[in-house]
Amino acid sequence: QKEVEQDPGPLSVPEGAIVSLNCTYSNSAFQYFMWYRQYSRKGPELLMYTYSSGNKEDGRFTAQVDKSSKYISLFIRDSQPSDSATYLCAMSDHYNYGQNFVFGPGTRLSVLP
Amino acid sequence: NAGVMQNPRHLVRRRGQEARLRCSPMKGHSHVYWYRQLPEEGLKFMVYLQKENIIDESGMPKERFSAEFPKEGPSILRIQQVVRGDSAAYFCASSPSTGGPGELFFGEGSRLTVL
């Protein structure tokens, strides 16, 4: 079992749809949960991060963490063609140790106009 | 404020040659991380450096790979005697000394193709 698993995709949705992207993990020590967006041929850019369980909202994006189920989600409301990208979840057991980040393989999302 | 700069963006090497990838961190950032991304796989940590020091190289293969971050100039990831399996995208990220998850910034990557 991989340490972090992610819905493989690819995922295609019509513009305006609600998108749900999900990751599961096995290491209960993870406390910091990140979502990165990666456009084709570009580097990952951080969308959101959360600490421990709970929800966090930023505009059209909501991150949700359920530590008891070892499951995290990213919801995108009113999806736009510009949201078309690969979404990577990442997790860490330390606040500022980038070497401890464990990334999922990514889910490719296409939002069709 | 320029972001993390990586070069070359694309590099083609034949088996047995050497590849050198360079990374200039964001201004004010003193921590550099290198990651490798294979197709359909997540980013894998390779090495973490501060100026003139390798802090953690636990993710780097023991042979053929080395990294440095000199007092002056960019960080360099060096791959000697490349093999086809080294073909991947290599990303550099930087953070300030007190950075947390929200302060790790990635470059656009260097894509290595080994023929």
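Below, chain A is the first sequence line, B the second, and so on; all start at residue 1.
Heavy atoms of Y35(B) lying under 4.5 Å from chain A belong exclusively to its side chain.
The minimum heavy-atom distance linking F91(B) with Q38(A) is given by the pair CZ-NE2, 3.3 Å. When all heavy atoms of R41(A) and R111(B) are compared, the pair lying nearest together is NH1-CD, 3.1 Å. In terms of heavy-atom proximity, F101(A) sits nearest to L104(B) at CE2-CD2, 3.5 Å.
Residues V102(A) and L74(A) share a single hydrophobic cluster, defined by chaining ILVMFWY side chains whose heavy atoms lie under 4.5 Å apart. Hydrophobic clustering places L11(A) together with I72(A) (ILVMFWY residues linked when any side-chain heavy atoms are closer than 4.5 Å, directly or through intermediates). I54(B) and V32(B) fall within the same hydrophobic cluster, defined by Ile, Leu, Val, Met, Phe, Trp and Tyr side-chain heavy atoms under 4.5 Å apart, directly or through other members. F45(B) and L77(B) are members of different hydrophobic clusters when ILVMFWY side chains are connected at heavy-atom separations under 4.5 Å. Connection of Y87(A) to V13(A) is established within a shared hydrophobic cluster, with ILVMFWY side chains joined at heavy-atom distances below 4.5 Å, either directly or through further cluster members.
Residues of residues 105-113 of chain A lying under 4.5 angstrom from chain B, judged on non-hydrogen atoms, are P105(A), R108(A) by number. Among the residues in residues 45-71 of chain A, those with a non-hydrogen atom closer than 4.5 angstrom to a non-hydrogen atom of chain B are L46(A), Y49(A).
Residues passing the side-chain hydrogen bond (donor to acceptor under 3.5 Å, both in side chains) test with Q50(B), sequence neighbours excluded: Y48(B).
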Contacts under 3.5 angstrom, residues 78-85 of chain B side chains, donor-acceptor by atom type, not counting sequence neighbours:
{"from": "R78(B)", "atom 1": "NE", "to": "E18(B)", "atom 2": "OE1", "distance (Å)": "2.9"}
{"from": "R78(B)", "atom 1": "NH2", "to": "E18(B)", "atom 2": "OE1", "distance (Å)": "3.0"}

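For F106(B) and Y36(A), the distance between ring centers is under 6.0 angstrom.
A 6.0 Å sphere centred on CZ of R15(B) holds no more than 12 heavy atoms belonging to other residues, nucleotides or ligands.
The most heavy-atom pairs under 4.5 Å with chain A, out of K44(B), M46(B), Q37(B), come from Q37(B).
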